[in-house]
Amino acid sequence: KDSIFRIFWKNKMLRYSYKPFYKSVFKKLEKIVKSTSIEKPIVHIDLHDTGNRLLGSRTADDTIREEKVPAVILSNAPDLETGDETFGTAPLYFLEAFADLLAKNLDIPRDEIYINKIFNGANMIRTFGNPKDHSKVRKTLNGKQIFSVQVEFDRGLYLNEKNQLPYILKLRRIRKGFHKTLCALGDFDF
């Protein structure tokens with residue numbers, strides 16, 4: 001754990017994966033800020049998948065979660081203070097509207113979309129959704145507001161978790177419904 005080689009490899013991995021990824025996100029954010037004159041918040045989505053099957057190094061090593069994962073989880077880091085008496089990287093009313101739209105467009109019951117359950121915001125939204133504590137984000141936004149949301153899809157919606165093979169038609173339906181939701185969020189009246 002304390003080996004200099006561990007530190008060396010960790011820094012090398014960060015340099016070749018994490019840092020270039022964040023650099024590309026900042027570049028995209030700069031482009032969006034420069035190209036929009038609309039005073040609506042920028043919506044930043046950090047998209048993940050999760051599942052009821054926790055994958056091991058081999059299929060035989062997979063385990064099943066004790067608590068069933070909902071179809072979709074929306075997170076806004078509700079424990080993070082992003083302003084004076086403001087908590088979360090996106091307002092709760094926005095997450096509720098997002099969940100309503102997503103349920104409709106995915107054709108799933110609204111009660112299968114949870115907010116801040118199991119996951120409540122990873123590093124990505126805690127960075128980009130909190131310009132107060134991140135000067136580079138604040139400078140990049142140039143006064144614009146950002147709503148940053150982590151979205152976790154249950155893999156079981158679009159693939160066989162046991163063999164990791166996608167259900168092509170379900171995957172297309174999820175992709176289309178998610179795209180339709182994101183487009184509708186662009187028209188959302190903040």
Do the charged groups of Asp154 and Arg53 touch, with an N to O distance under 4.0 Å?
no
Salt bridge Lys117-Glu152, side-chain N to carboxylate O under 4.0 Å
no
Let me see the working for Asp46 and Val149 under side-chain contact (heavy atoms from CB on, under 4.5 Å), right down to the final yes or no.
CA-CA 6 Å; Asp46 183 20; Val149 179; over 6 Å; no
Are the ring centres of Tyr158 and Tyr167 closer than 6.0 Å?
no
Using side-chain heavy atoms (C-beta onward) and a distance below 4.5 Å, is [X] in contact with [Y]?
| X | Y | result |
| --- | --- | --- |
| Phe87 | Thr82 | no |
| Gln150 | Met124 | no |
| Phe147 | Pro41 | yes |
| Ile174 | Leu106 | yes |
| Asn130 | Glu81 | no |
| Glu161 | Asn52 | yes |

With a 6.0 Å cut-off (strictly less than), is the heavy-atom count around [atom1] of [X], excluding the residue itself, greater than 12?
| X | atom1 | answer |
| --- | --- | --- |
| Arg172 | CZ | no |
| Lys28 | NZ | no |
| Lys144 | NZ | yes |
| His179 | NE2 | no |

Do you reckon [X] sits in the same ILVMFWY cluster as [Y], going by side-chain contacts under 4.5 Å, direct or chained?
| X | Y | answer |
| --- | --- | --- |
| Tyr93 | Leu182 | yes |
| Phe94 | Val151 | yes |
| Val72 | Phe98 | yes |

Can you tell me if [X] uses its side chain to pair, donor with acceptor, with the backbone of [Y] under 3.5 Å?
| X | Y | result |
| --- | --- | --- |
| Thr127 | Asn123 | yes |
| Arg138 | Lys132 | yes |
| Lys170 | Leu159 | no |
| Thr89 | Gly129 | no |
| Glu30 | Lys27 | no |

Partner residues of Lys139 under the salt bridge (Lys or Arg N to Asp or Glu O under 4.0 Å) criterion, sequence neighbours left out:
none
Excluding sequence neighbours, so at least two apart, what forms salt bridge (Lys or Arg N to Asp or Glu O under 4.0 Å) with Asp133?
none
Under 4.5 Å side-chain linkage, directly or through intermediates, the cluster mates of Phe119
Val69, Ile73, Ile118
Taking the hydrophobic residues Ile, Leu, Val, Met, Phe, Trp and Tyr, and joining any pair whose side-chain heavy atoms are under 4.5 Å apart, which ones share a cluster with Leu54?
none
Would you compute the distance between atom [atom1] of [X] and atom [atom2] of [Y] and round it to the nearest 0.5 angstrom?
| X | Y | atom1 | atom2 | result |
| --- | --- | --- | --- | --- |
| Arg126 | Ser75 | CZ | OG | 9.0 Å |
| Arg173 | Leu171 | CZ | CG | 10.5 Å |
| Leu47 | Ile45 | CG | CD1 | 8.0 Å |
| Leu80 | Asn120 | CG | CG | 10.0 Å |

Shortest non-hydrogen contact from [X] to [Y]?
| X | Y | result |
| --- | --- | --- |
| Asp62 | Gly56 | OD1-N, 2.8 Å |
| Asn163 | Asn160 | OD1-CB, 3.2 Å |
| Leu95 | Leu74 | O-CD1, 3.6 Å |
| Leu157 | Ala71 | CD1-O, 3.4 Å |

Residues in side chain to side chain donor-acceptor pair (under 3.5 Å) with Thr140, at least two apart?
none
Parallel, tilted or perpendicular: which describes the rings of Phe128 and His44, with under 30° parallel and over 60° perpendicular?
tilted
Geometric class of the Tyr22/Phe26 ring pair [parallel <30°, tilted 30-60°, perpendicular >60°]:
tilted
Listing, residues 107-116 side-chain donor-acceptor contacts under 3.5 Å, not counting sequence neighbours, or none:
from   : atom 1 : to     : atom 2 : distance (Å)
Arg110 : NE     : Asp100 : OD1    : 2.8
Arg110 : NH1    : Ile113 : O      : 2.9
Arg110 : NH2    : Glu96  : OE1    : 2.6
Asn116 : OD1    : Asn76  : N      : 3.0
Asn116 : ND2    : Asn76  : OD1    : 2.7

Under a 3.5 Å cutoff, is there a donor and acceptor pairing between the side chains of Arg65 and Thr50?
yes
Candidate pair Asn105 and Thr181, rule side chain to side chain donor-acceptor pair (under 3.5 Å), full reasoning:
CA-CA 6 Å; Asn105 292 327; Thr181 301; 3.0 Å; yes
